[in-house]
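Everything below concerns the one structure shown next.
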Amino acid sequence: MSDAHDARGESLFRAPPLAEQERMVEAMLFASPAPMTLAEMEARMPHGSDPAEAVQLLRRRYEGRGVQVTRVGDAWAMRTAADLGFLMARETVETRKLSRAAIETLAIIAYHQPVTRAEIEEIRGVSVSRGTVDQLIELEWVRFGRRKMTPGRPVTYVVTQGFLDHFGLESARDLPGLKELREAGLLESRPPEGAEAELPRDDGTGDMFEDDAEAQLPPEDEDF
Amino acid sequence: MSDAHDARGESLFRAPPLAEQERMVEAMLFASPAPMTLAEMEARMPHGSDPAEAVQLLRRRYEGRGVQVTRVGDAWAMRTAADLGFLMARETVETRKLSRAAIETLAIIAYHQPVTRAEIEEIRGVSVSRGTVDQLIELEWVRFGRRKMTPGRPVTYVVTQGFLDHFGLESARDLPGLKELREAGLLESRPPEGAEAELPRDDGTGDMFEDDAEAQLPPEDEDF
Amino acid sequence: MADRPIAANDAEPEWDAVASRRAAEALIVDVDGFEGPLDLLLTLSRTQKVDLRRVSILQLTEQYLVFIEQARTLRIELAADYLVMAAWLAFLKSRLLLPPDPTEEGPSGEEMAAYLAFQLERLAAMRDCAAKLMARDRLFQDRFPRGASDEITTARKITYSAGLLDLMQAYARIRTRDDFRPFVMDRDHVLTMEQALDRMRGLIGYAGDWTDLMSYLPDGWQLDPQRRRSATAANFAAALELAKAGRVQIRQTESFAPIELRRRDDR
């Protein structure tokens, strides 16, 4: 602390070496949501730092790279090189939440596939508009399955690999059942008293339904 | 930059020179908020590109810089160097404080994955309370793995790429102390050297098939 | 169940000594801090000041049982799992102290003790790992992703997002919906087998002697022919299920004679 007469900022206030300041500026410009002025950088850096010089060093370092250090008004920012914009074209996405009808329909298809539109309507208790299923198909989360061997041979819906990828599942069979959801505390709230009785196979009559349950298991290595 | 690379790259499919590919990878990783897999990069790059090699070059280039090229599972991302975190204080996102139970549960899932709820409870010696796993799934640190092929076919939990990204791990194999734990036999469900102690284990096998039944089609409609 | 493992009972005024009251309060505070019997055992084992691999299970068992006994004398309400563990440890203690009986089934005392020691070591290891994990350089605390969202926006694409929780909660919402009813069929005049079964399960407890199946029809279902048919069929199917489950016996003296049932007592 006493060798204060060295001319270099490095020793005056124990400012970090310029190379270290350059690293700091690099990290800040990268992480900052908006362009940063030299004053803003200086305010965050250790006392005695000289962001102006560090920015110039950094700018030179990134010359010709895929990322550029550019001046925006009186501030600085890091941007991808203009000539590589074509790589980012698909990056520009707007995210919207799925509608309640869509997410419910999707959940029913995932849990009950292959399932017909009539069955979806029966479970949801309201009719399902064509647009809802179309949207799910367009998202490539749902596709047509085999026709059902019932009168009218209705089409069925199943979920796709894209669905599994999006929701981080290895197979739709890994989705937890209602009982597991409840045990894991994943239900928004406990069902009201009495509603329990309406849930099939959750009423403690285990052995009564065991045969059914067994028969319902899909072939072991079914993939979609 | 290196003619040898250029010649090799260009001979096949006229892929851009490796130095150019490195710029591309740099721009993509810079622009993408989430980690990108090699396949995702390749899909955007000109035909014949080799993002794997370009990523390695890029990673070396950023060694010691303020921004790092880090591996996240089977994907890659750019993140600021950990020692510069103090500069970003204002960008810090206050995460909901995790309970001790949630932290322990997370560690158990990470080290024992794929792990069932019953196994988590066995290790902690208490039941997993409501909201614990829920919170970890919401943070996208935990997802469902394959159902275990044991009676009841219980749902399992595994950690996600988001978990690796958050804790700065290249893969689940890099969890701290994993090797020592494995050598000490502490990742087994039984003590080592054949001490086969029969212990009362509540593994929830009482409700066999109930959940599967729930998640599958009603029997009358099934036509496998 | 173990959210709050131990709750203090209403304080009884019989302890007047300040010291004992203070000790009791300290204990209550301590007990509240534990996450289950294994956590308590782990804490107790720390007092032995040895490597977990060398911990004396017999001594630990003793400590735990004393602790539980103390909690009881102070009228602290202990959650069931603490008592189950106490019973198990008492059993273990007897196994460890008595000479082994060669005819005895099951694991030896040493094996049981080894397993307990293993459980404690494993839990301690996991706690250690959890601490190491949380101490790592974490995203948004020590390491940061790029701050700005992409600026080179040309083509715009809309993606829809939904998380796994959204999906599962949507499903749960549908399946637990209060007013859920299949709309395809009017069920005013239909009694389902499940409904009949629920009713009968409650009623057969009182049916010690042979009772006509028809007497189980719910009120208001005997007169209208459509409702009566549905209720009879449902009750009959329910009775068969109960018989299959070994809960009731069924008899019918001849074709079209009344069907009677009674509770089976040997179960």
Side-chain angles (χ1 to χ4, degrees), chain B residues 30-34 68 70 77-85 88 91-93 95 98 100-101 103-104 106-108 110-112 122-127 129-130 134 137-138 140 143-144 165-169 175-178 181 184-187 190-192 195-200 214, chain C residues 1-3 5 34-42 53 81 84-85 88 105-108 110-152 163-165 168 175:
Chain B
F30 173 81
S32 170
Q68 308 275 287
T70 57
M78 281 172 94
R79 302 286 180 244
T80 61
D83 65 310
L84 300 177
M88 261 64 73
E91 261 85 61
T92 304
V93 174
T95 39
L98 284 175
R100 176 174 149 185
I103 294 168
E104 270 181 36
L106 178 66
I108 292 169
Y111 284 82
H112 290 259
E122 158 95 12
I123 293 169
R124 293 198 65 229
V126 283
S127 55
S129 73
R130 213 180 122 74
D134 163 307
I137 291 177
E138 206 167 11
E140 297 189 348
R143 65 175 178 85
F144 295 104
D165 197 9
H166 185 93
F167 292 100
L169 295 160
L175 285 165
L178 187 69
L181 287 177
L186 289 171
L187 299 184
R190 301 272 132 188
E196 274 296 306
E198 256 326 298
L199 235 100
E214 204 91 61
Chain C
M1 170 189 172
D3 274 351
F34 290 116
E35 294 207 26
L38 215 52
D39 184 27
L40 173 54
L41 275 168
L42 191 56
R53 282 175 188 250
D81 43 356
V84 169
M85 178 61 90
W88 188 80
E105 295 274 311
S108 69
E110 280 70 27
E111 283 166 340
M112 289 161 65
Y115 187 78
L116 181 60
F118 168 73
Q119 275 185 303
L120 292 175
E121 203 190 339
R122 186 174 58 179
L123 180 61
M126 278 301 117
R127 294 229 162 124
D128 197 36
C129 288
K132 277 189 205 148
L133 212 48
M134 298 319 273
R136 287 185 67 84
D137 294 326
R138 293 165 61 186
L139 201 63
F140 290 110
Q141 286 176 20
D142 308 290
R143 294 153 41 248
F144 292 84
R146 189 176 170 223
S149 50
D150 201 6
E151 72 283 354
I152 316 172
L164 192 55
L165 272 189
M168 293 186 304
R175 298 310 303 270

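Letters go in sequence order (proteins before strands), and every chain restarts at 1.
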Query raised in the report: Which one of B:Ala81, B:Ala110, B:Gly168 has the most heavy-atom pairs closer than 4.5 Å to chain C?
Result: B:Gly168
Report task. Measure the shortest side-chain to side-chain distance between C:Arg122 and B:His112 over non-hydrogen atoms and say whether it is less than 4.5 angstrom. Result -> yes
Query raised in the report: To the nearest 0.5 Å, what is the distance between CE (C:Met126) and CG (B:Leu187)?
Result: 5.5 Å
**Report entry** B:Leu186 side chain near C:Phe118 side chain, heavy-atom distance below 4.5 Å
**Finding:** yes
Query raised in the report: Roughly how far, to the nearest 0.5 Å, is the CG atom of C:Leu38 from the CD atom of B:Glu122?
Result: 8.5 Å
Report task. Using a 4.5 Å cut-off on heavy atoms from C-beta on, say whether the side chain of B:Arg190 contacts that of C:Tyr115. Result -> yes
Query raised in the report: Which bit of B:Leu175 is near chain C, if near means a heavy-atom gap under 4.5 Å: side chain, backbone, both or neither?
Result: side chain
Query raised in the report: Which pairs, with at least one residue in residues 126-137 of chain C and sequence neighbours excluded, count as a side chain to side chain donor-acceptor pair (under 3.5 Å)?
Result: B:Glu104-C:Arg127, C:Asp39-C:Arg127
Query raised in the report: Does a side-chain heavy-atom distance below 4.5 Å link B:Met78 with C:Pro145?
Result: no
Query raised in the report: Listed by chain and number, what are the ring-ring contact (aromatic ring centres under 6.0 Å, His included) partners of B:Phe167, not counting sequence neighbours?
Result: B:Trp141, B:Phe163
Query raised in the report: Is the CD atom of B:Glu140 crowded by more than 12 outside heavy atoms at less than 6.0 Å?
Result: no
Report task. Output yes when a side-chain donor or acceptor of B:Thr80 lies under 3.5 Å from a complementary backbone atom of C:Arg143, and no otherwise. Result -> no
**Report entry** Heavy-atom side-chain contact between B:Leu181 and C:Cys129 under 4.5 Å
**Finding:** yes
Report task. Mind checking the CG-CD1 spacing from C:Leu123 to B:Ile123? Nearest 0.5 Å is all I need. Result -> 9.0 Å
Report summary line: Turns out that what part of B:Ala101 lies under 4.5 Å from chain C's heavy atoms comes down to both
**Report entry** Minimum heavy-atom distance between C:Arg146 and B:Phe30, given as atom pair plus value
**Finding:** CD-O, 3.0 Å
Report task. Could you tell me whether the side chain of C:Arg138 reaches within less than 4.5 Å of the side chain of B:Asp165, counting heavy atoms only? Result -> no
**Report entry** Close side-chain approach of B:Arg79 to C:Phe144, heavy-atom, < 4.5 Å
**Finding:** no
